[in-house]
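Since we're looking at a predicted model, the values are computed, not measured. Protein chains get the first letters and strands the later ones, always in sequence-line order, with residue 1 at the start of each.
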Amino acid sequence: MTKVTMTVNGKSVSGDVEGRTLLSSFLREDLRLTGTHIGCDTSQCGACVVHVNGEAVKSCAMFALEADGADVTTIEGQANADGSLNTIQQAFQDHHGLQCGFCTPGMVMSAAALLKDNPKPSEAEIREYLEGNICRCTGYHNIVKAIMAASGQDVSAIAAE
Amino acid sequence: MYAFDIERPASVADAVAALGTEDAQALGGGQTLIPTLKQRLAAPSRLVSLSGVTEMQGVASEAGNIRIGGATTHATVASQVGGTYPALADLAANIGDPAVRNRGTIGGSLANNDPAACYPAAALGSGATIITNKRQIAADDYFQGMFTTALEEGEIITAVSFPVPEKANYQKFVQPASRFALVGVFVAKYSDGVRVAVTGASNEGVHRWSAAEEALSGNFSADAIADLSVSADDLINDLHGSAEYRAHLVKVMTGRAVAAAM
């Protein structure tokens, strides 16, 4: 076991991990931050997306040891300080950007990474950016709509309901 | 996953030393290796993560070449190389998905030499030099068949140097499930000739299409390859596409790359 220390959602945390401990496992099982979901465990589906030093990564395809010293943000760190939903989360609620909700943490984290780099993405850019996030309910239209709305853009032109 | 140890050296020298221990395996961005470990298709007892080796990260221009550190991510190449070598930046920007590009590295891709990966086509198509902790290897000598390279046990790709071409382009026909290339063609025009490298198509992995190189070196236009044909012999034949289909795609993608080269 090796001791790792990292900042998660603004708080310094540490724990003893094995070499094989994935960042997703450390977040869920050691820190009990179960908002980060493990869907496919093969780095295809994107339900486990978190930010490491500000960049979106699939936490099931990174070892906890590799995040030693890093600044990690998860879905639990997204709400406003008073506990209310942040702009992206609120837009997902307003536009029904989720059905079963399993992919939602990864979708919200990917959306946050996209809007940080590209504050006013086009519909095509949003769809392309979400290539690595799979919604098994196939509810993509409203997810795209929510991200358009969160970026302050008109959503009336987005394809289907 | 089965149990193993991970080391995170901070220098190439320490990484080489760590890889000298028995059954050790280098870990780049892990976007291929970690899923491989989960499936136990590989089972090293010790991983040596290269993500903390800062001297292997970053991009530098030098006298007509661009040098990319072996541990540089696809996202960094996509964002930093566009001004110098736009075709290479575009290729990096279309590997996998955004989260994968934030972890996956050029050195990892070239060391793995997946027969459908994008970077091998860029390296071979550019006549790049693979720089390791021991030596410099010309791309023509480096790629030795599917998942096989000239790298020796414990040898690390510390950087890759690409001669910047006059014009180049990469066209990828995406296999939609994996996002790897069903067929990808990298075309680069240099003052002394044209290079054409094909990925995704052959059982031998990335390779050059010499007939197209010859035709395009005389006349750099899609018309120049109109009369050429690609043999389906020894091309990959699987549920995603027959060998004949891939042979057809090689020519189509080459033509598109020439037309789009800038």
Would you list the atom pairs in which one atom of chain B and one of chain A form a donor-acceptor pair under 3.5 Å?
{"from": "B:Met1", "atom 1": "O", "to": "A:Arg20", "atom 2": "NH1", "distance (Å)": "2.5"}
{"from": "B:Gln31", "atom 1": "NE2", "to": "A:Ala61", "atom 2": "O", "distance (Å)": "3.1"}
{"from": "B:Lys38", "atom 1": "NZ", "to": "A:Asp41", "atom 2": "O", "distance (Å)": "2.8"}
{"from": "B:Lys38", "atom 1": "NZ", "to": "A:Asp41", "atom 2": "OD1", "distance (Å)": "2.8"}
{"from": "B:Lys38", "atom 1": "NZ", "to": "A:Cys60", "atom 2": "O", "distance (Å)": "2.7"}
{"from": "B:Ser49", "atom 1": "OG", "to": "A:Glu66", "atom 2": "OE2", "distance (Å)": "3.4"}
{"from": "B:Asp97", "atom 1": "OD2", "to": "A:Lys58", "atom 2": "NZ", "distance (Å)": "2.6"}
{"from": "B:Asn102", "atom 1": "ND2", "to": "A:Ala56", "atom 2": "O", "distance (Å)": "2.8"}
{"from": "B:Arg103", "atom 1": "NH2", "to": "A:Glu66", "atom 2": "OE2", "distance (Å)": "3.2"}
{"from": "B:Arg179", "atom 1": "NH2", "to": "A:Glu131", "atom 2": "O", "distance (Å)": "2.6"}

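Contact between B:Ile106 and B:Gly70 at its shortest, heavy atoms only, is CG2-O, 3.8 Å. Residues B:Ser161 and B:Ile131 come closest through the heavy atom pair CB-CD1, 4.1 Å.
Judged by distance alone, with hydrogens and angles left aside, the side-chain atoms of B:Thr199 form a donor-acceptor pair with the main-chain N or O of B:Ala117 at under 3.5 Å. Side-chain N or O atoms of B:Arg246 include none that pairs as donor or acceptor with a backbone N or O of B:Val183 at under 3.5 Å.
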Could you please spell out the steps behind the side chain to side chain contact (heavy atoms under 4.5 Å, CB included) verdict for B:Leu110 and B:Phe143? CA-CA 9 Å; B:Leu110 293 175; B:Phe143 298 104; 3.8 Å; yes
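Looking only at heavy-atom pairs under 4.5 Å with chain B, the residue among A:Gly46, A:Ala113, A:Gly132 that has the most is A:Gly132.
For A:Met62, the parts sitting under 4.5 Å from any heavy atom of chain B are the backbone and the side chain alike. Residue B:Leu47 touches chain A through its side chain alone, counting heavy-atom pairs closer than 4.5 Å. Looking at B:Ala75, there are no atoms closer than 4.5 Å to chain A (heavy atoms on both sides), in backbone or side chain. Using a 4.5 Å cut-off between heavy atoms, B:Ile6 contacts chain A through both its backbone and its side chain. For A:Leu22, the part lying near chain B is the side chain, with the backbone staying farther off; criterion is any non-hydrogen pair under 4.5 Å.
Partner B:Ile156 forms a side-chain contact (heavy atoms from CB on, under 4.5 Å) with one of B:Leu151, B:Val48, B:Leu19, B:Thr132 and no other, that one being B:Leu19.
Partners of B:Glu152 under the side chain to side chain contact (heavy atoms under 4.5 Å, CB included) rule, at least two apart in sequence or in another chain, are B:Lys134, B:Arg135, B:Glu155.
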